[in-house]
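All figures in this text were calculated on a predicted structure; none of them were measured in a lab. In the text below, chain A, chain B and the rest are named by the order of the sequence lines, each starting its count at 1.
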Amino acid sequence: MKRTTTVIIGAGQSGLAFSKQLADRSIDHVLIERGEVANSWRKERWDSLRLLTPNWQSRLPAYAYDGNDPDGYMNMAEVIRFLQGYADFTGAPVETDTNVIAVRASDGGYVVTTDRGVWRCTSVVLATGACNVATVPKTARNLPDNIKSITPMDYRGPDQLDDGGVMVVGASATGVQLAREIQASGRQVTLSVGEHVRVPRLYRGRDIKWWMDTTGMMDLRYDEVDDIRRARRLPSLQLVGTPEHITLDLNALRGAGAGIVGRLAGLGNTKVQFSGSLANQCALADLKMNRLLDTIDEWITANGMERDFGAGYRFAATRLDPEPCLALDLADRGIKTVLWATGYRPDYSWLEVPVFDRKGRVRHDGGVVDAPGMYLMGLPFLRRRKSSFIDGVGDDARDLADHLCTRLHSAAA
Amino acid sequence: MSQTTTQTATTEVNNGVNVEALLGAREALDAAPEAAQFKWRTTCEWVNGTHSRSTISSFFGLGAEQSRDRTFSVESDHPEVFAAEDNAATPVEIVLSGLASCLTAGVAAVGQHRGIQLHSVKATVEGDMDIQGILGIDDEVRNGFGTIRVHFEIDADATDDEIKALVAQSQKRSAVFDIITNPTNVVVTAN
Ligand SMILES: Cc1cc2nc3c(=O)[nH]c(=O)nc-3n(C[C@H](O)[C@H](O)[C@H](O)COP(=O)(O)OP(=O)(O)OC[C@H]3O[C@@H](n4cnc5c(N)ncnc54)[C@H](O)[C@@H]3O)c2cc1C
């Protein structure tokens, strides 16, 4: 059995940022990674994906993008290079190709069992990612065999799909991006839309991510939010990173020829039903977008910066069909594939410590897990609105490493 | 980008909704989801023709039978154009009023929570129905409503967008809105 103070599981940005914080505090640790550094970006993303955060926002402790296109969006090769570069720069002690199969509590510490040996440690950091598994609604089981079911985890590009129509379920970042590229490939897309968050790519001449960062929205802490449970469940923003900085909302998809239908409400064989709530979902999203833009306008006014940016404006309301489609037959419509862009969830099947709530989520307070010496990283709104983003893990890692360090010293004292 | 600082009720705002109690219940039920399992009931007896009378009293919730001091009664009939006596509203009109009442209650509650004082709220509801469906004239026509339109006239201490957001949020949290916009499993047995 090997010994170390802290085992960090996962070498994505979360684990790497944490490792840097521990190294800075001279805390002995190891990073265990089932694949290579940035494994999720190497193995679990579709080919055309670019970050929806601009290059300048790829910032990690003591390391940031320094290329000549700060407003562009990285493709996957660039993200992998960026994260590998960080691992090289920090000299993170990564054990690659090592899969954690169990974490158990033992003697006031933890035993981490991998397929390449066992580690004993006093603290453990769960940095295994928020998006390990694609969530698919139960009704997916009712789909007949002759219609293919696919998740974004298996999707690489439209060429892999059968010819014929595609129903994309879910209209957050993943759903709208895939709907766009599949529609452009000549396959008719029907996009099923539930709750979503609409934002423009650019507003008053700046990237929406720049506004959210500059106005301090991304730094909002988990203990300052009115309803943190709701904030953590909020779907991702409808955004895509393209060299043209296009806005990808439902109006744009409709303009490209995609059919827009309500939330998937029922599925039995080839018959599908959609909720009649689409108009309200769109109204909620339009109103919320306008509140965000109001906040930006108010910030500009409060800072006396009207002259620096063009005048404020608003976007056209989401267009709706006068008679929305409430039901369709997949076979009649020639739909051959259903793509479930219905979200992701973490996988803690290897975590054998009783830290789960009744919904299988890890109980934690801003990343300090309800088990001594255990920490969590990278989940939506873990400590801040930015926690799940590349730009957010630095601050969280610093806070949690401080906590870990204090605990270590009080144990030693 | 959720609303980060939802205003909580200030003392001046009073829509007659006890938001603290509702938030307390939400907190308590999150910890004890069994208590959140409710059963709503009604008993309907045929009077004559298309005229019937429903009585509503007990329900199940918070882990126990809940009884009320009173029993409510809702009658229903069909109008004369259906060769009926028009003793009361039709069932479909009761459904529409159920939707309107549910959304209106939501407007009051959300308004209270957001610190918006309401002065008046009026919902006008209209549902389109092609009765070729219920009469069995055309199988392709459904029995139920085609489109239902709800129009709210709200006088409140709030901006236009805040009022729109109130109405949108009340739909999001409405039971009857969900019942009408989504399929429901209905099990009917006899004797
Ligand atoms: C489609 C998509 C697009 C995104 N776009 C952006 C964006 O534009 N900008 C942005 O800032 N964020 C984006 N994100 C969010 C976030 O940055 C990523 O999810 C990112 O991968 C999270 O980093 P992480 O280090 O927390 O987790 P991950 O990158 O998932 O890293 C976890 C690591 O743990 C390893 N691991 C898991 N289980 C085990 C185990 N049992 N044993 C050993 N190793 C294990 C994995 O192999 C992986 O390498 C996106 C997410 C998705 C899904």
Side-chain angles (χ1 to χ4, degrees), chain A residues 139 195 197-199 208 211-212 215-218 220-221 224-237 262-268 271 273-292 294-295 314 317 322-324 326-327 357-359 381 385, chain B residues 1-9 19 23 26-27 29-34 36 99 103 106 110 113-115 127-128 130 140 142 144-152 158-186:
Chain A
T139 52
E195 183 181 3
V197 185
R198 179 186 178 195
V199 291
I208 196 71
W211 285 118
M212 293 179 72
T215 57
M217 270 177 235
M218 298 310 289
L220 189 78
R221 285 173 55 99
E224 294 169 343
V225 200
D226 183 49
D227 185 349
I228 184 62
R229 280 173 298 198
R230 161 112 188 94
R232 285 179 175 155
R233 283 198 311 260
L234 209 68
S236 59
L237 310 191
R263 184 171 197 274
L264 185 74
L267 172 61
K271 301 262 198 289
Q273 285 177 295
F274 307 107
S275 175
S277 65
L278 178 63
N280 191 48
Q281 301 283 14
C282 295
L284 282 161
D286 288 355
L287 286 162
K288 185 177 216 159
M289 171 174 71
N290 288 338
R291 286 197 297 272
L292 171 68
D294 288 345
T295 308
R314 292 295 172 263
E323 299 272 315
L326 295 173
D357 69 10
R358 64 184 164 88
K359 300 210 91 178
F381 234 124
R385 179 170 281 131
Chain B
M1 258 199 7
S2 65
Q3 280 170 282
T4 50
T5 46
T6 311
Q7 279 173 273
T8 27
V19 168
L23 290 177
R26 192 180 133 172
E27 213 46 53
L29 293 180
D30 185 56
E34 325 76 63
L99 175 63
L103 294 176
V110 177
H113 184 50
R114 294 188 177 175
D128 301 340
D130 179 346
E140 285 173 14
R142 69 181 283 187
F145 291 115
T147 296
I148 296 175
R149 285 174 298 277
V150 184
H151 178 69
F152 271 100
T159 65
D160 232 30
D161 271 3
E162 284 167 342
I163 291 175
K164 288 203 175 86
L166 261 188
V167 171
Q169 186 65 17
S170 92
Q171 289 168 74
K172 191 174 167 194
R173 288 278 152 261
S174 163
V176 181
F177 184 85
D178 175 70
I179 289 165
I180 292 178
T181 54
N182 293 306
T184 303
N185 183 29
V186 181

A.B. asks: Does any heavy atom of chain B fall under 4.5 Å from the side chain of Arg263(A), the backbone, both, or neither of them?
C.D. replies: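 Arg263(A) has no heavy atom closer than 4.5 Å to chain B.
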
A.B. asks: Output yes when Lys359(A) and Asp30(B) qualify as a salt bridge under the 4.0 Å nitrogen-oxygen rule, no when they do not.
C.D. replies: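 No salt bridge links Lys359(A) with Asp30(B).
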
A.B. asks: Which heavy atom in Leu287(A) sits nearest to a heavy atom in Asp161(B), and how many Å separate them?
C.D. replies: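 Where Leu287(A) meets Asp161(B) most closely, the heavy atoms are CD2-O, 3.8 Å.
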
A.B. asks: Measuring from Thr147(B):OG1 to Glu323(A):CD, what's the distance to the nearest 0.5 Å?
C.D. replies: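 Answer rounded to 0.5 Å: 5.0 Å.
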
A.B. asks: Counting only heavy atoms not in Glu34(B), do more than 12 fall under 6.0 Å of its CD?
C.D. replies: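 Buried by this count: over 12 neighbours within 6.0 Å.
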
A.B. asks: Applying salt bridge (Lys or Arg N to Asp or Glu O under 4.0 Å), which residue pairs with at least one partner in residues 163-172 of chain B are found, sequence neighbours left out?
C.D. replies: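 For residues 163-172 of chain B, and leaving out neighbouring residues, the salt bridge (Lys or Arg N to Asp or Glu O under 4.0 Å) pairs sorted by first residue read Glu195(A)-Lys172(B), Asp160(B)-Lys164(B).
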
A.B. asks: Salt bridge (charged side-chain N to carboxylate O under 4.0 Å, His left out) with Arg149(B): which residues, sequence neighbours excluded?
C.D. replies: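 Arg149(B) satisfies salt bridge (charged side-chain N to carboxylate O under 4.0 Å, His left out) with Glu126(B), Asp128(B) once adjacent residues are dropped.
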
A.B. asks: Of all the heavy-atom pairs spanning Gly276(A) and Phe177(B), show the shortest one and how long it is.
C.D. replies: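 Closest pair (atom of Gly276(A), atom of Phe177(B), distance): O-CZ, 4.5 Å.
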
A.B. asks: As an exercise, state the distance from CG of Asp178(B) to OG of Ser275(A), rounded to the nearest 0.5 Å.
C.D. replies: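 One gets 7.0 Å once the value is rounded to the nearest 0.5 Å.
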
A.B. asks: Return the option, out of Ser277(A), Ala283(A), Ala279(A), Gly266(A), with the maximum number of heavy-atom pairs under 4.5 Å with chain B.
C.D. replies: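 Of Ser277(A), Ala283(A), Ala279(A), Gly266(A), Ser277(A) has the most heavy-atom pairs under 4.5 Å with chain B.
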
A.B. asks: Looking at Asn182(B) and Ala265(A), what are the two nearest heavy atoms and their distance?
C.D. replies: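 In this case the closest contact between Asn182(B) and Ala265(A) is OD1-CB, 3.5 Å.
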
A.B. asks: With a 4.0 Å cut-off on N to O distance, would you call Asp227(A) and Arg26(B) a salt bridge?
C.D. replies: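 Salt bridge: yes.
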
A.B. asks: Say you draw a straight line from CG of Asn280(A) to OG1 of Thr181(B); how long is it, rounded to the nearest 0.5 Å?
C.D. replies: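 If I round to the nearest 0.5 Å, the distance is 9.0 Å.
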
